[in-house]
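Here's the structure, in structure tokens; my notes come after.
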Number of protein chains: 2
Amino acid sequence: MRIRDEHKEQIVKQKALELLVSQGFEGFSMQKLARAANVSPATLYIYYRDKEDLVMSIGREIGKQLNQAIFKGFNPEAAFEEGMRVQWRNRANFMLSHELEMTFYEQIKNSTFREAVSADIVAEFKEKMSIFMKNAIEKNEVKAMPIEVFWSVAYAPLYNLLRFHSEGKSIGGRPFVFSEEIMWQTFDLVMKALKN
Amino acid sequence: MRIRDEHKEQIVKQKALELLVSQGFEGFSMQKLARAANVSPATLYIYYRDKEDLVMSIGREIGKQLNQAIFKGFNPEAAFEEGMRVQWRNRANFMLSHELEMTFYEQIKNSTFREAVSADIVAEFKEKMSIFMKNAIEKNEVKAMPIEVFWSVAYAPLYNLLRFHSEGKSIGGRPFVFSEEIMWQTFDLVMKALKN
DNA sequence: TTTTTAAAAGAACGAACATTCATTTATATT
DNA sequence: AATATAAATGAATGTTCGTTCTTTTAAAAA
């Protein structure tokens with residue numbers, strides 16, 4: 001029995017990401033991918049059931065990686081600001097070292113493949129994060145609020161900074177560059193908003 | 001000379017929006033649009049140069065509408081919190097009354113058509129907003145900070161709430177519904193972050 | 001070494017794609 | 001009423017699409 005070439009499979013995955021990010025969903029096709037990966041179109045159907053399966057598999061894999069990265073070293077029993085600091089550091093680290101993946105992930109969340117990607121991931125986030133929040137509220141570190149409000153104030157600014165960063169352009173004239181300093185400056189503002 | 005049917009043109013625009021939002025860029029085609037709008041494919045090429053022109057025209061039009069709505073009644077000389085309140089109200093009003101348009105606008109910003117849509121819009125925002133910010137800093141209402149940090153803290157939470165709203169689903173178990181109350185609760189947190 | 005089996009390939013399929021062409025239709029002007 | 005002209009059409013263009021077919025290739029098992 002001929003053995004599957006894992007390296008070839010990796011190349012397909014990588015080229016798919018590159019193509020999807022550079023050309024968008026509308027410019028992505030199985031034949032282009034096959035050409036880019038130096039593979040027969042038929043080979044793609046050994047690795048994936050069809051085009052949808054390919055896109056969703058890659059999307060789900062990135063989602064899992066992201067989720068895992070986010071909770072690395074995160075202790076739901078930790079003090080509020082400390083826990084939040086870990087979350088910000090984890091998210092920023094992952095995003096800066098996986099720009100291609102994150103761009104694709106944002107793309108897929110604004111596409112018809114939306115649901116499939118985020119279902120499990122949201123569930124895991126909810127489970128771990130709600131314990132952390134419950135603790136913080138009980139310890140009087142933060143006011144009770146709908147989790148959507150919390151999420152929006154706590155993380156949306158960070159994601160937005162990173163979006164400015166990877167778009168390369170800015171609202172101001174000079175190009176915006178994300179840095180540790182800017183991140184923690186923003187973090188302090190967010191803490192000021194959330195902490196009692 | 002036969003006169004152009006403006007009503008028909010409107011239907012094409014509306015159906016294009018509906019199709020793009022429900023099927024995504026990858027599921028959108030000129031032939032599908034023609035069928036949905038009860039029009040010959042050739043007619044689309046009377047209204048638009050090609051597919052790209054169609055998508056971008058619609059995107060740009062929404063961008064202009066959004067920008068106009070945002071600055072309605074906005075006075076750059078106003079006090080910081082008051083000015084921000086106008087901005088939040090304007091943005092929320094527009095988004096809630098143009099959900100389809102906003103979904104499409106988010107889609108296009110995460111696609112290859114990105115640049116073309118936001119160029120002018122960002123320029124106008126920068127011009128008007130920088131005066132407002134300069135005033136607020138001089139009046140000691142808010143600390144100086146990079147405009148990207150300001151934007152991320154000031155508006156990203158609002159956009160994120162509205163995203164939760166239109167996704168219909170939530171992090172929590174119950175479906176999330178955007179409301180005036182939740183909006184101003186979030187606004188207060190953001191003000192706490194930004195104001196001196 | 002031979003057999004077995006799945007990986008991989010290349011050519012091919014009909015379907016759908018963006019766009020154009022030749023023609024018809026409706027209206028404003030003469 | 002006749003003419004001019006741009007709107008609108010349906011059919012057709014060649015191209016690319018996703019996917020499958022048949023065949024070849026490579027490695028594990030015999």
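Below, each value reflects all heavy atoms present in this structure, side chains not excepted, and no hydrogens, waters or symmetry copies. Protein chains get the first letters and strands the later ones, always in sequence-line order, with residue 1 at the start of each.
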- Task: May I ask you to check whether A/Asn67 and A/Glu124 show a side-chain donor-acceptor distance below 3.5 Å?
- Result: yes
Name the atoms and distances for all side-chain donor-acceptor pairs under 3.5 Å in residues 11-33 of chain B, with sequence neighbours left out.
residue: B/Lys13; atom: NZ; partner: B/Glu61; partner atom: OE1; Å: 3.1
residue: B/Gln14; atom: NE2; partner: B/Glu18; partner atom: OE2; Å: 3.0
residue: B/Ser22; atom: OG; partner: B/Glu18; partner atom: O; Å: 3.0
residue: B/Ser22; atom: OG; partner: B/Leu19; partner atom: O; Å: 3.4
residue: B/Glu26; atom: OE2; partner: A/Thr112; partner atom: OG1; Å: 2.3
residue: B/Ser29; atom: OG; partner: B/Lys32; partner atom: N; Å: 3.1
residue: B/Lys32; atom: NZ; partner: B/Gly27; partner atom: O; Å: 2.8

- Query: Any chance the side chains of B/Gln87 and B/Tyr155 put a donor and an acceptor closer than 3.5 Å?
  - Reply: yes
- Query: With a 6.0 Å cut-off on ring centres, are A/Phe176 and B/Trp151 close enough?
  - Reply: no
- Query: Roughly, in whole Å, what's the span from CG in B/Leu33 to C1' in D/dT9?
  - Reply: 15 Å
- Item | Side-chain (A/Asn110) to main-chain (B/Asn110) donor-acceptor, under 3.5 angstrom | no
- Query: For nucleotides 20-30 of chain C, read 5' to 3', which letter fits each nucleotide if B means a protein heavy atom sits under 4.0 Å from the base, S means only the sugar-phosphate is that close, and - means neither?
  - Reply: BB---BBBB--
- Task: Determine the stems involving DNA chain C; a stem requires 3 or more consecutive pairs of the Watson-Crick or G-U wobble kind, each with both distances below 3.5 Å, and the answer is none if no such run exists.
- Result: C:1-30 with D:1-30
- Message: What is the separation between atom CD on A/Glu6 and atom P on C/dA7, rounded to the nearest whole Å?
- Response: 10 Å
- Does the A/Trp88 side chain pair with the main chain of A/Ala154, one donor and one acceptor, at a distance under 3.5 Å? yes
- Query: Closest nucleotide of DNA chain C for B/Asp50 versus for A/Thr43: which of these residues is on the 5' side?
  - Reply: A/Thr43
- Message: When you measure from the side chain of A/His98 to the backbone of A/Phe94, do you find a donor-acceptor pair of N or O atoms at a distance under 3.5 Å?
- Response: yes
- Message: Rounding to an integer number of Å, can you tell me how far B/Ile46 CD1 sits from D/dT5 P?
- Response: 17 Å
- Item | Sub-4.0 Å heavy-atom contacts from residues 21-32 of chain A onto DNA chain D, ordered by number | A/Phe28, A/Ser29, A/Met30, A/Gln31, A/Lys32
- In whole angstroms, the gap separating C1' of D/dA6 from NZ of B/Lys8 amounts to 14 Å
- Task: Using a 4.0 Å heavy-atom cut-off across all strands, classify B/Tyr47 as base, sugar-phosphate, or nothing.
- Result: sugar-phosphate
- Query: Rounded to the nearest Å, what distance is computed from the CZ atom of residue B/Arg35 to the C1' atom of nucleotide C/dA15?
  - Reply: 12 Å
- Separation of D/dT16 atom C1' from B/Lys51 atom NZ, nearest Å, is 12 Å
- Mind jotting down which residue pairs meet the side-chain hydrogen bond (donor to acceptor under 3.5 Å, both in side chains) criterion with at least one end in residues 132-142 of chain A? Sequence neighbours excluded, please. A/Glu77-A/Asn135
- For residues B/Gly59 and B/Tyr105, report the shortest heavy-atom separation together with the two atoms involved. O-CE1, 3.9 Å
- Message: In this structure, how many angstroms lie between the C1' atom of C/dG10 and the CG atom of A/Leu44, rounded?
- Response: 13 Å
- Query: Residues two or more places apart in sequence or in another chain: which of them pass salt bridge (Lys or Arg N to Asp or Glu O under 4.0 Å) with B/Arg85?
  - Reply: B/Glu81
- Query: Any side-chain donor-acceptor pair under 3.5 Å between B/Arg4 and B/Tyr47?
  - Reply: no
- Item | Of the listed nucleotides D/dA8, C/dA9, C/dA7, the one nearest the side chain of A/Arg4 | C/dA7
